[in-house]
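Residue indices begin at 1 and follow the sequence shown.
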Amino acid sequence: MQRPLLSLHSILEALSLDAACLSLLEQTPEYQYFIHSDTPEAIYGAIRTIGGILNAQPQADQLVEDLEERINIISHKLKFIAEENKPKVAFFQDVFPLTAAENGYLANLIRIAGGIYQTRMIPHESSSDVLIIFNEKPISQLLTELPQVLSTWSQIPAVANNQIYIVHHPGYLRQPSALIADEAEILAEIFYPKYFVFGRDEDVWMKFEWQ
């Protein structure tokens, strides 16, 4: 599967810089390194590098500090949760046809949010506790297709326990970006609703009530 690239647009927007700066960044020697960032540390480094290139170092340092603080809050709240108690999570880009979403960025986000990323999803063998679906289809179409698929997945814990979620906002969980803290918060409130309430079910995700 193609590795998603870092969203430079999101970083420029977060730094209040013009999108025209993108062509400048693409011409720098550092571009081939930071464009493949998919861990928090690599994304922080990319933001600082971009800030240095575009004479926006103070803004970049502040942005990184803010992102680190938000992610550290999640990590701190979850630090005493044992590995065996963390939810096993499967991501899908589509359900009809079945298309798993597998990339390092999602794996890192799930780990930050206190989940265990399942890279293979064979319905009759799966032990996933949470299913998350995101794609570009109209939500009405997805809601029509999902019951057809889930009717054959009743043995999966996520289906049996009604833990199925749809991320319907196209701006999240698609690629590494300056929204990494937002995305970690979105997943954290899905996995641990008793610990986190960020209110992103109002604009980003919804629970699919299967039964």
Taking Asn103 for its side chain and Leu106 for its backbone only, find out whether a donor-acceptor pair lies under 3.5 Å.
yes
Are Arg70 and Asp182 within salt-bridge range, i.e. N to O under 4.0 Å?
yes
Does either side chain, that of Glu102 or that of Tyr117, offer a donor lying less than 3.5 Å from an acceptor on the other one?
no
For the residue pair Asp129 / Gln163, report whether a side-chain donor-acceptor contact shorter than 3.5 Å exists.
no
Can you find a heavy atom in the side chain of Gln62 that is under 4.5 Å from one in the side chain of Gln59?
no
Rounded to the nearest 0.5 angstrom, the OH-CD distance for Tyr44 and Glu68 is 5.0 Å
If the condition is salt bridge (Lys or Arg N to Asp or Glu O under 4.0 Å), which residues does Asp61 pass it with, not counting sequence neighbours?
Arg48
For residues Phe92 and Ile132, determine if any side-chain heavy atom of one lies less than 4.5 Å from a side-chain heavy atom of the other.
no
I'd like to check Glu185 versus Phe196 (side-chain heavy atoms, cut-off strictly below 4.5 Å). Are they in contact?
no
Arg174 versus Glu136: any side-chain heavy-atom pair under 4.5 Å?
yes
Straight-line distance of Lys86 NZ to Arg111 CZ, nearest 0.5 Å:
9.0 Å
Ignoring hydrogens and angles, tell me if any N or O in the side chain of Ser10 forms a donor-acceptor pair with the backbone of Ser177 under 3.5 Å.
no
Closest heavy-atom contact between Tyr172 and Arg200?
OH-NH2, 2.9 Å
Between Tyr192 and Tyr195, what is the ring plane arrangement, given parallel below 30°, perpendicular above 60°, and tilted in between?
perpendicular
Taking Ser75 for its side chain and Ile71 for its backbone only, find out whether a donor-acceptor pair lies under 3.5 Å.
yes
With a 4.5 Å limit on heavy-atom distance, are the side chains of Ile43 and Phe34 in contact?
no
Quick check: do Ile35 and Leu25 have side-chain heavy atoms less than 4.5 Å from each other?
no
Taking every non-hydrogen atom, the tightest pair across Leu150 and Leu131
CD2-CD1, 4.5 Å
Looking at CZ of Phe198 and CD1 of Ile190, how far apart are the two atoms once the value is rounded to the nearest 0.5 Å?
11.5 Å
Less than 6.0 angstrom separating the ring centers of Phe134 and Phe91, yes or no?
yes
Check the side chains of Thr49 and Glu30 for a donor-acceptor pair under 3.5 angstrom, ignoring hydrogens and angles.
no
Quick check: does any side chain N or O of Asn85 sit under 3.5 Å from a backbone N or O of Ile81, one acting as donor and the other as acceptor?
no
Using a strict 4.0 Å threshold on nitrogen-to-oxygen distance, state whether Asp201 and Lys207 make a salt bridge.
no
Quick check against the 3.5 Å criterion: does Asp38 have a side-chain atom that pairs as donor or acceptor with the backbone of Pro176?
no
Are Glu145 and Lys137 close enough that some pair of their side-chain heavy atoms sits under 4.5 Å apart?
yes
Ring centers of Phe191, Trp205 separated by less than 6.0 Å:
no
Just wondering, do Leu173 and Leu179 contact through their side chains at under 4.5 Å, heavy atoms?
no
